[in-house]
Amino acid sequence: MRTLATATTAAFAGAALLSQTVIVPSWRAAPPEVFLARFATEGPITGLTVFPFELASLIFLGIATAKRHQPVRLWAAATLCLAGTFALLLYFVPTNSALLDPAFPPGEVASALTTWNAVNWVRTGLALAGAALAVTARLRSDVPGDHRAYSGFS
């Protein structure tokens, strides 16, 4: 379970970073009408590709934390990071739906993408922090006699 938690979290973090550093800049550089046409295809495909890793990560980290795998505090912190990415869906679902609406005004694209970009950096940062915490927890759980594994962040 700990290996699955670590692997899915790292996969989600990598996908979030790739999206944020490659896909989003190309969206922001495109003229509004071109962005809206591209987002109609690329947005849903990107979400459908990345979301399963986000969900699996949250589930597996939650199980690792609930089973009190050592070091519990690191697993719990990683879980909180992924819970944060999941909470951001309250922003992304309605915003993405609005951007997918053919009636979305092209004049509002730049402003919408500026906010979207900022919120996505938060999500990417949380994903990367969650992955780093999960990797650290996984590595510490394999060290026999390492009492740091039982005291969390020390």
Side-chain angles (χ1 to χ4, degrees), residues 1-32 34-100 109-143 146 148-149 152-154:
M1 185 60 53
R2 294 171 295 182
T3 300
L4 284 172
T6 303
T8 56
T9 305
F12 173 62
L17 185 61
L18 179 68
S19 173
Q20 186 61 22
T21 59
V22 176
I23 297 170
V24 175
S26 73
W27 287 346
R28 294 185 77 197
V34 172
F35 160 74
L36 290 169
R38 286 180 54 201
F39 190 76
T41 303
E42 295 172 6
I45 296 293
T46 302
L48 289 171
T49 302
V50 174
F51 179 73
F53 291 101
E54 182 179 19
L55 180 59
S57 179
L58 181 59
I59 291 168
F60 293 140
L61 286 170
I63 292 169
T65 301
K67 287 189 171 193
R68 306 207 47 82
H69 287 301
Q70 297 299 327
V72 175
R73 289 183 185 163
L74 289 174
W75 289 116
T79 303
L80 284 174
C81 287
L82 267 292
T85 71
F86 216 75
L88 289 174
L89 290 173
L90 294 171
Y91 166 79
F92 284 109
V93 169
T95 301
N96 290 356
S97 294
L99 290 168
L100 290 169
V109 166
S111 175
L113 278 178
T114 296
T115 303
W116 197 101
N117 181 60
V119 176
N120 202 50
W121 269 119
V122 171
R123 176 169 59 180
T124 300
L126 286 168
L128 291 168
L133 288 162
V135 167
T136 303
R138 186 67 185 106
L139 291 172
R140 284 197 181 174
S141 69
D142 287 339
V143 179
D146 183 355
R148 292 178 301 171
F153 295 104
S154 62

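From a predicted model like this one, the values you see are computed outputs, not experimental measurements. Positions are given from 1, in the same order as the sequence printed here.
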Please check if the side chain of [X] supplies one atom and the backbone of [Y] the other of a donor-acceptor pair under 3.5 Å.
X      : Y      : value
Ser141 : Arg138 : yes
Thr85  : Leu82  : yes
Ser19  : Ala15  : no

Identify every side-chain donor-acceptor pair in residues 129-137 under 3.5 Å, counting partners at least two apart or on other chains, and give the distances.
residue	atom	partner	partner atom	Å
Thr136	OG1	Ala132	O	2.8

Residue pair [X] / [Y]: nearest heavy atoms and the distance that separates them:
X      : Y      : answer
Phe51  : Leu89  : CE1-CD1, 3.8 Å
Arg123 : Asn120 : NH2-OD1, 2.6 Å
Thr79  : Gly62  : OG1-N, 3.8 Å
Gln70  : Trp75  : O-NE1, 3.4 Å
Leu100 : Ala40  : CD2-CA, 3.6 Å
Leu126 : Cys81  : O-CB, 3.4 Å

Rounded at 0.5 Å granularity, tell me how far CZ in Arg28 sits from CD1 in Ile23.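 It is 14.5 Å, given to the nearest 0.5 Å.
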
Thr65 side, atom OG1; Met1 side, atom CE - distance, nearest 0.5 Å: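 Here the interatomic distance stands at 11.5 Å.
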
Phe53, CZ atom: more than 12 neighbouring heavy atoms under 6.0 Å: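 Count not over threshold, so no.
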
Do [X] and [Y] have side chains that get closer than 4.5 Å, going by heavy atoms?
X      : Y     : value
Thr115 : Tyr91 : yes
Leu55  : Phe12 : no
Phe60  : Thr6  : no

Please confirm whether the ring centroid of Trp116 lies under 6.0 Å from the ring centroid of Phe92.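 For Trp116 and Phe92, the ring centres are under 6.0 Å apart.
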
